[in-house]
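Chain naming here is simple, since letters A, B, ... match the order of the sequence lines and numbering starts at 1 in each. Predicted, not measured: the structure shown is a model, and the values here were computed from it.
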Amino acid sequence: MSTENFSGDAAGDLESVLATLPLVDHHVHGASSGELGRGEFETLVTESDRPIPAFMTQFDSQLGFAIRRWCAPVLGLPAHAAPEDYLARRTELGAAEVNRLLLAAGGIGRFLLETGYRGDDVLDPAGMAEASGRPVHEVVRIEQVLEQVAASGVSAAELPGRFREELARRTADAVGLKSIVAYRHGFAFDPAPPGDREVVLAAGRWLSAGEASGQWRVDDPVLLRLGLWAGVERGLPLQLHAGYGDPDVELHMCDPLLLTRWLKLIEPHGVDILLLHCYPYHRNAGYLAQVFPHVYFDVGLGVNYTGSRSDALIAESLELAPFAKILFSSDAWGPAELHMLGAHLFRRGLGRALRGWVDAGEWAEEEAVRVATMIGVDNALRVYGLEAAK
Amino acid sequence: MSTENFSGDAAGDLESVLATLPLVDHHVHGASSGELGRGEFETLVTESDRPIPAFMTQFDSQLGFAIRRWCAPVLGLPAHAAPEDYLARRTELGAAEVNRLLLAAGGIGRFLLETGYRGDDVLDPAGMAEASGRPVHEVVRIEQVLEQVAASGVSAAELPGRFREELARRTADAVGLKSIVAYRHGFAFDPAPPGDREVVLAAGRWLSAGEASGQWRVDDPVLLRLGLWAGVERGLPLQLHAGYGDPDVELHMCDPLLLTRWLKLIEPHGVDILLLHCYPYHRNAGYLAQVFPHVYFDVGLGVNYTGSRSDALIAESLELAPFAKILFSSDAWGPAELHMLGAHLFRRGLGRALRGWVDAGEWAEEEAVRVATMIGVDNALRVYGLEAAK
Amino acid sequence: MSTENFSGDAAGDLESVLATLPLVDHHVHGASSGELGRGEFETLVTESDRPIPAFMTQFDSQLGFAIRRWCAPVLGLPAHAAPEDYLARRTELGAAEVNRLLLAAGGIGRFLLETGYRGDDVLDPAGMAEASGRPVHEVVRIEQVLEQVAASGVSAAELPGRFREELARRTADAVGLKSIVAYRHGFAFDPAPPGDREVVLAAGRWLSAGEASGQWRVDDPVLLRLGLWAGVERGLPLQLHAGYGDPDVELHMCDPLLLTRWLKLIEPHGVDILLLHCYPYHRNAGYLAQVFPHVYFDVGLGVNYTGSRSDALIAESLELAPFAKILFSSDAWGPAELHMLGAHLFRRGLGRALRGWVDAGEWAEEEAVRVATMIGVDNALRVYGLEAAK
C-alpha cells in the first residue's frame, strides 16, 4: 500500500506527516474484548500486579492523566474528564465501540500482535483486524510454545525436538518471535547454547514438577536458553522484552547490556534482535543498536507510562542508534487506551524532538520527515519482511 | 491545621500555591547550632569528606552558585554576592539569626527530623522547633540505636532483645525509622531475616572488636539485617538512604533495585518503605514505587546538589511512580542554606515541570495544584500518620 | 599565551567568549592523513567495528546529520549537503586541505594527543601541529608501551622492570598517561597492586602465547593492573577510558563506579585521574568527581555521537561535579570532522545550558563565562601543568 511508505514523497510538513503516519506497531497485544469495571481498569493501567491501594487511584499517574486528556475527547467527553465520568462513558459506549473509536484514533497502519499472554482475555488477530480495520500479523511467544508442548505430555528426551517442530508449525505464518527470558530469569544467563544432556536433565526436572503441580511456567535457565537458541535457529526477527515491566522482573537483571556476549554469539546466525521498551536502560540499548548490525530497539512501554514525560524519553532514544535501528511499538495489552496513547504520545514526542532541531537550524525539515517515517514505519517493514505487503 | 491540606480548595494558581505550600520535609536533620568559618562551611556543602583542594572552592559548584543566588538575598545581600561577602554577612548576623532567616524563607510546614547523625553539632528537635516556629517530629536511625546498645555493655546473646527493647523505647514518640545500610554495606545483602544463631555469632565478633577498639560502627551484614528486620517489626514507616551520598557509599551498590527481593519479602508486613534521594537511580525508584504498594521515594539530596539542574532531576522523578508515592525532602544537615534551598529548588522545579504541562494543554491547572500538594504535603501526612495533626 | 586564560578578563558576553575560547582538547588522536572513500569514511564515524549493513548508511545518525549540517559549510557546501556531495567535495579538496579547514574551524587552543591507537593511520604530534598551527602535547597509552616491551623480546622476570623503564623513557616529554583497561578487561578488577610473583606468572603465560601467535594484545587483569599501578607510580595525570566505546567494551563493566575502591587506594599517591567520555554513566562520574579530590571527567566521545542531543548530555554533566573537575575533550580519531564537531558541539551545548541559567536569573553572566573558561581551558591547563606554557 503506497500510503505506508512516505520516504519517497514527503508531501507535508513534519507535523502533518506525523499526524497521519500509518505507524507499524511492531509489538502489541490485543485490546480487551469485554467490559471493564473501575477496579479492573485501574489494574490494567499499571505494571503492578498488586491491588490498587485504598489510599490512591491509578488515575493519579502520568498514564491516568494522559487517558483523561487524550482519550476522553475520543469518547466524546471534554479533555480532563473525571475518572468516574470517563469510565461511565466507556460503559455507555460498550467495549466494541470503545475499541473501534480508540483504535481508529491511534491511526496504526498495521499491528504485529504478540499472542502469548492471556490470549483469551483480549482480541485475537482476527478480532483486532476487525476492530481496527487494519492488517494484523502474528508474533509468537517462544516460552508459551515451550510450555504448551510440555503440558501436552512428552518425555524429557522428546521435548527439544517436539518443541522445535511445534515452534515451526506455530510460526508458519508469523512474522516474528518474542522471548520473555527477562521475566523468567533475567539476562545474566550463560550465552552459549545449552548442551543436549543438560537440556534433557532440566526438562526431566521441569516435567516432573509440572505433572505434580499442573503448572507449566518455564523459568529454568537451561530451558529458557533452549527456547532462545531455537528462536535464533528459526530465523525470524526475535523480540526480547528488556527493562521495565511487572514485578516479576528484577529490573537490574534486565539491562540489555547483560546480553552483550549472547548478542556476539548469535551475530553470525543472521537474526535480527529487537529490544523492546528498555526503560530505564534505553541509552544502553541505543549503544547496542549502534555497534551491532543485528540489534534494534524501541521505547514502547515506557512511552505510555511516562505520559507527559514521554517526550523526554523519546528524545533520549535518539542518541547513539542509527536512525535505521529505532522502531515504534506501544506494547499495549487490554484497554484500547493503551493502543491509542502509544501511537499518540509517540507522534507527539518524536515530533517535538525533531521540530526542535529543525527550528534550531540543525536538521532540514525534509530529513526530519524522512527519519520519522523510518522510525515509525519503514524500519519495521524492512525488518519483518513486510515491504512486499505495501 | 487546615492550611496544610490544599487538596480540597485550590484557591490560587499553581505558582502561588507552590510558593506558600507548607511542605512536609520528611527527611531532614538539624541546622548548625554554631558559627561556621569558610573552611567548615565549604566542607558542609559537599558530600565529600575530604579537605577542599587548594586549587578550587566548593562555591564553584551548582550548590555554591545556588547559595549565592538564592540565600544571599535572604541575608540582605544582592543576588550572586561573592563568597567572602556572603560568609562575612553570615558571621555578622550570627548563627541563630541566619538559621531563623533561612528556615523562615524555606517555608517548611513541618520537619521530620532524623537525629542519628552527629546530633551534638546541630539543633535538636526542640531547637529546630524554636528556630523555625514549626512542628518537628523525630525519625530514629536504627543503626545508631544498635550501636548505643552495643556500647552500653551487653552480651552477644542479650544484644538482639536489648536492641529491640531500646528501639521500642527510643521510638515511643517517633514518626518513622531510618536505615543507613546503604552506607554500611550496600543493598546486596541476603534479603531474609537473619537466624538467631548467626546474629549471636556476629554480635560476639562485633562486641569483642568494639571492646578492644572503643569503636561501635556496625557494618556486619548480619547485624545490619537484624536492624532492618527489627525496624520492619516495629511497624513505623522506614526510610532507607539510597543512591548518592558521601564516599562511604559504593554508589553502584546503593541502586534501590538491589532491594527488590527484600521489598517482596517484607511486603506482607505492612510497613511503608521510603527510598531517600536515589540519584542517579531515581528512575529505578520510580519503577519500584509503581509496582510495589508499600514503596515511596523522593529525590531530596540530589535537588540541593544539582542546583540549576534540579528542575531536570525533579522532572525525571515524575515518570513511573503514581503521584501518591512521591514525597519531598531536603536531607539538609548543618548549614540552614540546605534547608532553605531544598524547599526553594523543589518548589521551583516542580512548578516548572507542571507549568510546562499545563501550558501545553496536557494537564488542567487545578490538577497540577492537586498533584503538587500531594507530593509536597499530603502524601507525607498520610504515610506518617500526621493527618490528625492538621 | 595570555589569550588562553579568560578567567581574569571576561571581556565579552557568554556566546562570544565561547565562540573563540581556545579549548584544550585534553584527549584526542590524530586526524586521518590519507584520503577516505565512502565506505571507509562511514566506518570511521561509528564506534561499531562491523561493516555498515547494506540496508543503512551511517550518515543517517546524529553524527551523520551533524557532519552534513556543520562541516559541509566549512568545506564550502550548503548546510545539509547530501552525503555524496559532501564526500565528493572532500575528495576534491584533498585530505590535507580538509584537515586544515576543519581543524581551523574547531578553534582548538592546544591538543593533548593520545598516540597509542593505530598511530600510522593518522597524523602524529608533529603532523597535527602543522595541520592545526597549534601546540600539541603527547599522552602515552600504557598498554601500548607494555605490548611493545613484550614484543621486543624480554623474559617474564624482566618484564616489569623493563616496562617501567620504557614507560619512563616514552613519557619523558609527555603530559599524561592513558589506560584502556576498560576495553581489555573492564573495571571489575582487584584494586590492589599485583604481587611480583603473580605478575611474573602472568607475564610468562602472555609471553609464551605471544611468541606462538605473534600477537601482543594484553588483556590479562594482572598485567593490566601492573600497567595501571606503574602509571600511578609514574605520577603523570592518568586518563581512563570509561563508558561508551567500540564493541570490545562490555559497557556495563565500564561504569566508573566500579573503580571506587581503586580510586580510594590510589588517592594517597597524588595522581589525578581523568575519566573519559563516561556515557551513559556520566552522572556517576560527576559523583566521583565531587567526592574524590583527584577525580575529573569529561563527556567527550558522547558529545560527537549524540549530535543534536549533545546539549542534553552536556547539561547532565553539569550536576554534581564542582566546576573545577570537568574538562573538555573530543576523543576524535581519524576524520577531522570529529575534531571540529567535538569543539563545535561542546561550545554550543555548554552555551545553551549556561545561557538558560543566565536568562532565568539564576547565574550571573560573568560567572557563566568564568565557568565555561574553567571547563574548556583552565582546568586542563592546571591538571596537565601547562599553565607555564600560557
Side-chain angles (χ1 to χ4, degrees), chain B residues 42 45-66 68-70 72-73 78-82 186 243-255 279-283 301-313 316 344-345 348 352, chain C residues 7 187-188 252 255-261 263-264 267 270 272 280-296 312 314-326 353-354 356-358 360-368 370-371 374-375 378-379 382-383 387:
Chain B
E42 289 208 29
V45 294
T46 169
E47 282 295 304
S48 183
D49 57 3
R50 270 65 169 173
I52 308 290
F55 61 77
M56 61 166 275
T57 164
Q58 186 58 26
F59 274 100
D60 282 345
S61 67
Q62 288 285 7
L63 176 53
F65 276 35
R68 293 171 53 201
R69 170 61 187 91
W70 301 111
H80 316 301
Y244 172 52
D246 72 38
D248 267 1
V249 165
E250 284 196 285
L251 185 51
H252 56 296
M253 302 313 289
C254 302
D255 180 342
Y279 181 98
Y281 303 115
H282 41 287
R283 282 175 155 171
L301 183 61
V303 168
N304 262 341
Y305 278 95
T306 55
S308 281
R309 279 287 299 169
S310 59
D311 53 354
L313 174 56
E316 288 169 2
H344 173 72
L345 294 174
R348 190 197 66 134
R352 282 191 186 175
Chain C
S7 301
F187 289 155
H252 55 296
D255 181 342
L257 292 177
L258 295 170
L259 294 170
T260 304
R261 292 183 187 199
L263 291 170
K264 289 183 180 180
E267 190 174 0
D272 288 327
Y281 303 114
H282 40 288
R283 282 175 155 171
N284 300 5
Y287 161 77
L288 295 171
Q290 178 181 118
V291 301
F292 295 115
H294 59 312
V295 175
Y296 298 75
I314 290 168
E316 288 169 3
S317 77
L318 301 170
E319 296 183 352
L320 291 193
F323 304 133
K325 307 298 275 314
I326 310 173
L354 300 182
W357 299 332
V358 170
E362 299 173 24
W363 285 39
E365 184 149 3
E366 67 265 25
E367 296 280 30
R370 188 170 64 85
V371 168
M374 290 171 70
I375 296 175
D378 291 348
N379 291 340
R382 187 185 69 246
V383 169
E387 285 164 312

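Between the CG atom in B:D248 and the OG1 atom in C:T260 there is a gap of 12.0 Å [rounded to 0.5 Å]. Rounding to the nearest 0.5 Å places CD of C:E316 at 11.5 Å from OG1 of B:T306. Between the CD atom in B:Q62 and the CD atom in C:Q290 there is a gap of 11.0 Å [rounded to 0.5 Å]. B:R50 CZ to C:H294 NE2: the interatomic distance, rounded to the nearest 0.5 Å, is 8.0 Å. Taking NE2 of B:H80 as the start and CH2 of C:W363 as the end, the distance is 11.0 Å to the nearest 0.5 Å. In this structure, CG on C:N284 lies 4.5 Å from OH on B:Y281, to the nearest 0.5 angstrom.
Between chain C and the options B:S308, B:P280, B:G64, the largest number of non-hydrogen pairs under 4.5 Å is found for B:S308. Of the listed residues (B:E47, B:Q58, B:M253), the one with the most heavy-atom contacts under 4.5 Å to chain C is B:E47.
Looking at B:R348 and C:E362, a side-chain N of the basic residue comes within less than 4.0 Å of a carboxylate O on the acidic one, giving a salt bridge.
B:Y244 and C:E319 share no side-chain donor-acceptor pair at under 3.5 Å.
Taking both residues in full, the closest heavy atoms of C:P293 and B:P51 are given as CG-O, 4.4 Å, listed atom of the first, atom of the second, then distance. In plain terms, the two heavy atoms of B:V249 and C:Y287 that are nearest each other are O-OH, 3.5 Å. The minimum heavy-atom distance between B:G245 and C:V291, with the atom names listed, is O-CG1, 4.0 Å. Of all non-hydrogen atoms in B:M56 and C:A324, the two that sit nearest each other are CB-CB, 3.7 Å. Between C:V371 and B:F65 the shortest heavy-atom distance is CG2-CZ, 3.7 Å.
For B:Y279, the part lying under 4.5 angstrom from a heavy atom of chain C is the side chain only. Looking at C:R283, the atoms closer than 4.5 Å to chain B (heavy atoms on both sides) sit in the backbone and in the side chain alike. Residue contact with chain B, scored on non-hydrogen atoms closer than 4.5 Å, involves the side chain of C:A360 exclusively. Contacts of B:D60 with chain C are made by both backbone and side-chain atoms, with heavy-atom separations under 4.5 Å. Contacts of C:W357 with chain B are made by side-chain atoms alone, with heavy-atom separations under 4.5 Å and no backbone atom involved. Heavy-atom distances place no part of C:L263 under 4.5 Å from chain B, backbone and side chain included. The contact between C:E267 and chain B is made entirely by side chain atoms (from C-beta outward), counting heavy-atom distances below 4.5 Å.
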